[in-house]
Amino acid sequence: MTINFPEDPLTTKNRSEIDRNLDQSFIWITRIFALAIAAILLWIALQITTSALPAIQKFGINFFFTSSWNPVNNEYGVLPAIYGTLISSLIGLILALPIGVGTAILLSENFLPPQVNLVLVFLVELLAAIPSVVYGVWGIFVLIPVLKNLGTWLHTYLGWLPIFSSAPTGPGMLPAGVILAIMILPIITAISRDALISVPSSLRQAALGIGATRWETIFQVIIPAAFSGIVSAVMLALGRAMGETMAVTMLIGNANNIHISLLAPSNTISSLLANQFAEANGLQVAALMYAALVLFILTMIVNILADFIVARVGRI
């Protein structure tokens, strides 16, 4: 016996053709937007490279390995700024990673009542909305005095270590690293929390069903399953830290030298651009654009590395 079901108007031929047309239109629109983003990226890179061409022709690869930045003699090198950019971002990442992932676990695994959990999620996301200059002002009046006292103690008792070998003067690498950690904390926490929440509940139930404790389930099942999302959060936060300008400029000291001590003033590429671009002219403008190109390349490397790690983890 054959059963004839009533025809659903949503599955008629005309409706299906409309759906297919809408799908194809959406696909082409997204392709156009993706190509537009790529075109904008290439246009920015081309503009920066064109503006930096005089400095590229004059300094070449030596620009990466020279420490002098002397506009009077037209001597320019970006090595101290590269060093400060990488070290300050690394300090911020080291400080923010365990706190951010730990907070994400706390907010995603029902350790707290729902009302408290909702308030904490809102407060973490609110950190990302605070302007950079506000972080900088807070760092000058609150963070630097606290870290100066801490730095004095570290220099007094642990001064034999190279990273604490210089006496703190106020602004320096450590305050800049700490403020970067605070600024990238909501990025790591929010994205890691989303990755942890997206793990299927069946994995949790299966782990608990075979006798795993709650913490064993978190560290041996949930975190490995959400690892690619956590890596994406870390790499995105690293790119954000490397490109931060205002707060770092206000706290790092803007000294164009390389010092292994975390208590000494330093510089970053973003700070270099912010401090000198307004009064630059001639070859100095080209040198600053060359430095901007270096920062562009560094952030591109971070993003490419993030995609590679996520793809590699996804295949495991």
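Gly84 and Met173 make their closest contact through CA-CE, 3.8 Å (heavy atoms, listed as atom of the first residue, atom of the second, distance). Heavy atoms only, all atoms of each residue included: Ala45 and Thr49 are closest at O-OG1, 2.7 Å. The two residues Gln284 and Glu279 come nearest to each other via the heavy atoms OE1-O, 4.5 Å. Nearest heavy atoms, Arg204 versus Ile197: NH2-CA, 4.5 Å. Here the closest non-hydrogen pair linking Val78 and Phe64 is CG1-CA, 4.1 Å. Between Gly211 and Glu216, the closest heavy-atom pair is O-OE1, 4.4 Å.
Considering CD1 of Ile269 and CG of Leu86, their distance stands at 7.5 Å, rounded to 0.5 Å. A distance of 9.0 Å separates OG1 in Thr85 from CG in Leu272, rounded to the nearest 0.5 Å. Atoms CG and CG, from Leu41 and Leu46 in turn, are 11.5 Å apart once rounded to the nearest 0.5 Å. Atom-to-atom distance recorded for Leu120:CG and Gln115:CD is 12.0 Å, nearest 0.5 angstrom. To the nearest 0.5 Å, the span separating CG on Asn149 from CD1 on Ile144 amounts to 12.0 Å. Between Ser165 atom OG and Ile163 atom CD1 the span is 9.0 Å, to the nearest 0.5 Å.
Of the possible donor and acceptor atoms, none in the side chain of Thr189 sits under 3.5 Å from a partner among the backbone N and O of Pro186. Checking side-chain atoms of Asn73 against main-chain N and O of Glu75 turns up no donor-acceptor pair under 3.5 Å. In this structure a side-chain-to-backbone donor-acceptor pair under 3.5 Å is present from Thr30 to Ile27. Looking only at distances, a side-chain donor or acceptor of Asn275 sits under 3.5 Å from a matching main-chain atom of Ser271. At distances below 3.5 Å, not a single donor-acceptor pair connects side-chain atoms of Asn267 with backbone N or O atoms of Asn257. Put simply, the side chain of His259 never gets that close to the backbone of Ala264: no donor and acceptor are under 3.5 Å apart. Panel note: side chain Ser192, backbone Val101; no donor-acceptor pair is recorded below 3.5 Å. Although no hydrogens or angles enter the test, the distance criterion places no donor-acceptor pair under 3.5 Å between the side chain of Arg193 and the main chain of Gly100.
Defined by atom type and a distance below 3.5 Å, a donor-acceptor pair is missing between the side-chain atoms of Glu244 and Ser270. Ser261 and Ser166 share a donor-acceptor pair across their side chains, judged by distance under 3.5 Å alone.
Ile191 and Ile230 are members of different hydrophobic clusters when ILVMFWY side chains are connected at heavy-atom separations under 4.5 Å. Val234 and Leu236 fall into different hydrophobic clusters, where Ile, Leu, Val, Met, Phe, Trp and Tyr residues are linked whenever their side-chain heavy atoms come under 4.5 Å apart, directly or through other members. Hydrophobic clustering places Phe65 together with Ile82 (ILVMFWY residues linked when any side-chain heavy atoms are closer than 4.5 Å, directly or through intermediates). By the criterion of side-chain heavy atoms lying less than 4.5 angstrom apart, applied directly or through intervening Ile, Leu, Val, Met, Phe, Trp or Tyr residues, Val124 is not grouped with Ile130; the two fall into different hydrophobic clusters. By the criterion of side-chain heavy atoms lying less than 4.5 angstrom apart, applied directly or through intervening Ile, Leu, Val, Met, Phe, Trp or Tyr residues, Leu93 is not grouped with Leu251; the two fall into different hydrophobic clusters.
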Determine all donor-acceptor pairs shorter than 3.5 Å in which one atom belongs to a side chain in residues 289-299; sequence neighbours excluded.
unit_1: Tyr290; atom_1: OH; unit_2: Gly60; atom_2: O; d: 2.9
unit_1: Thr299; atom_1: OG1; unit_2: Leu295; atom_2: O; d: 3.1
unit_1: Thr299; atom_1: OG1; unit_2: Phe296; atom_2: O; d: 2.8

Q.
Let's go through Trp69 and Leu288 carefully: what are the C-alpha distance in whole Å and the side-chain angles of both, what is the deciding distance for side chain to side chain contact (heavy atoms under 4.5 Å, CB included) to 0.1 Å, and is it a yes or a no?
A. CA-CA 10 Å; Trp69 190 278; Leu288 289 170; 3.4 Å; yes
Q: Show your working on side chain to side chain contact (heavy atoms under 4.5 Å, CB included) between Leu180 and Ile91 and close with a plain yes or no.
A: CA-CA 8 Å; Leu180 283 176; Ile91 293 172; over 6 Å; no
Q. Under the side chain to side chain contact (heavy atoms under 4.5 Å, CB included) criterion, do Leu262 and Ile87 qualify, and how do the steps go?
A. CA-CA 9 Å; Leu262 302 181; Ile87 297 301; 4.3 Å; yes
Q: Quick one: do Thr66 and Tyr76 satisfy side chain to side chain contact (heavy atoms under 4.5 Å, CB included)? Show the steps, please.
A: CA-CA 7 Å; Thr66 304; Tyr76 301 104; over 6 Å; no
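Residues Thr268 and Ser88 are in side-chain contact: their nearest non-hydrogen atoms beyond the backbone lie under 4.5 Å apart. The shortest side-chain heavy-atom distance between Met250 and Val137 falls under the 4.5 Å cut-off. A heavy-atom distance below 4.5 Å is found between the side chains of Leu123 and Val119. Side-chain contact check for Ile105 versus Ile223: some heavy-atom pair is nearer than 4.5 Å. Side chains of Val231 and Ser228 form no contact here, defined as non-hydrogen atoms less than 4.5 Å apart. Using a 4.5 Å heavy-atom cutoff, the side chains of Ile222 and Glu109 are in contact. Side-chain contact check for Pro54 versus Lys58: every heavy-atom pair is 4.5 Å or farther apart.
Within the structure, ring pair (Phe, Tyr, Trp, His ring centres under 6.0 Å) contacts touching residues 16-43 (residues at least two apart or in different chains) do not occur. The ring pair (Phe, Tyr, Trp, His ring centres under 6.0 Å) analysis of residues 193-216, with sequence neighbours excluded, yields the pairs Phe111-Trp215, Trp215-Phe219.
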